[in-house]
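Below is one structure, written out as structure tokens, with a few remarks after it.
Start at 1 and go down the list; that is how both ligands and their atoms are numbered. Being a predicted model, the structure only gives us computed values, none of them experimental.
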Amino acid sequence: MEQNIIVNNQYIGRFAPSPTGRLHIGSLLCAVGSFLDARANNGKWLVRIEDLDPPREEIGATDDILRTLHAFALHWDGEVVYQSKRHHLYREALDYLLEKGEVYPCFCSRKTIKENGIIGIDGMVYNGNCRKQSNFQSAGKNPAYRLYVDADEISFNDSIIGCYKQNIKNEVGDFILLRADGLWAYQLAVVVDDAMQKVNHIVRGQDLLVSTPRQIYLAKRLHYPAIQYAHLPLLTNRQGQKWSKQTLAPHLDLNHKEDLLRQVLIYLGLPQPIPADSCENILRWAVANWNIKQVPVNSIISEN
Ligand code: GLU
């Protein structure tokens with residue numbers, strides 16, 4: 001299944017952090033990359049806080065993220081959107097798919113999924129056990145809801161990586177939209193929000209590349225317009241692990257924010273020398289010099 005890109009409306013991009021911790025050099029790179037691509041295309045740049053998984057969130061992280069974006073002069077358009085206030089939109093989308101017979105309840109436990117599934121590109125591939133039992137009710141147990149996946153190959157043209165293909169049926173299988181514990185799955189929320197916010201360009205980290213075919217497939221099921229994607233290189237520690245909260249990414253030292261910003265621009269392939277100036281002026285220069293084709297594909301070791 002090929003994607004048709006619709007590009008005739010105004011560019012709308014976004015940065016969508018989860019408030020699981022403070023921004024680090026890797027998330028700063030994603031914020032800056034998505035900001036520059038939007039601004040260089042005279043586009044809007046939105047910020048959405050993806051706060052749908054309270055157990056994984058850190059108190060104060062949202063404020064910290066927004067303050068940090070401001071400190072780097074990454075000024076967004078409009079109001080910040082919070083996923084925690086948008087449950088009704090995810091419910092509407094799920095109800096629509098339920099009505100069309102595109103999703104089914106799944107009562108399988110983690111254990112049976114592990115025992116019966118095979119390992120795919122992003123965890124276990126579900127074996128479709130509950131497909132056959134759509135009227136089955138398991139007493140006292142809330143089901144998860146899964147989307148029927150009947151497409152084989154999904155391919156799209158990434159602005160940085162080029163053509164990316166995934167056999168979504170074999171490598172992912174029917175995926176969850178609503179978890180048995182009542183939490184909305186990232187895949188559903190992100191697709192619904194991007195469509196509702198009219199986002200038509202997504203620039204984000206390569207850790208999410210494996211999710212993109214699922215999101216394209218789901219967006220099609222919901223008749224949402226296609227999106228142009230660009231996946232940025234990952235920043236890693238010396239061991240090649242992506243910087244994250246788990247790999248103890250160092251906090252951004254705002255006393256050296258101009259140096260950090262210049263460093264990120266080098267990682268993003270901007271021409272050197274990068275001016276030594278305020279963040280505001282460095283970003284202005286970077287917008288004028290931005291070329292997404294210069295962004296490297298491979299991961300980069302970063303000391304920060
Ligand atoms: N909230 C996701 C994260 O912080 C990013 C979602 C996205 O950009 O699609 O990893």
Any side-chain donor near an acceptor of the partner, W243 and T236, under 3.5 Å: no
Contact check, R14 vs ligand 1, heavy-atom distance below 4.0 Å: yes
Non-hydrogen atom of Y186 closer than 4.0 Å to ligand 1: yes
Residue and atom name of the nearest protein heavy atom (relative to atom 5 (C) of ligand 1), distance in Å to one decimal: A16 O, 3.3 Å
Note: D63-R67 ion pair, threshold 4.0 Å (strictly below): no
Distance filter under 4.0 Å to V190 heavy atoms, resulting ligand 1 atoms: 9 (O)
Option passing side-chain hydrogen bond (donor to acceptor under 3.5 Å, both in side chains) with D174 (candidates Y148, Y104, Y126): Y104
Heavy-atom nearest neighbour in the protein, as seen from atom 3 (C) of ligand 1, with distance rounded to 0.1 Å: S18 OG, 3.6 Å
Distance, nearest 0.5 Å, that separates CG of L29 from CG of L232: 5.5 Å
Close aromatic pair by centroid cut-off 6.0 Å: W76 and H70: yes
Residue part near ligand 1, for L208, under 4.0 Å between non-hydrogen atoms: side chain
Protein contact to atom 9 (O) of ligand 1 [nearest heavy atom, distance to 0.1 Å]: R204 NH1, 2.7 Å
Which residue and heavy atom of the protein sit nearest atom 6 (C) of ligand 1, plus the separation: E50 OE1, 3.2 Å
Reported CG-to-CG distance for the pair D152 and N167, which is rounded to 0.5 angstrom: 5.0 Å
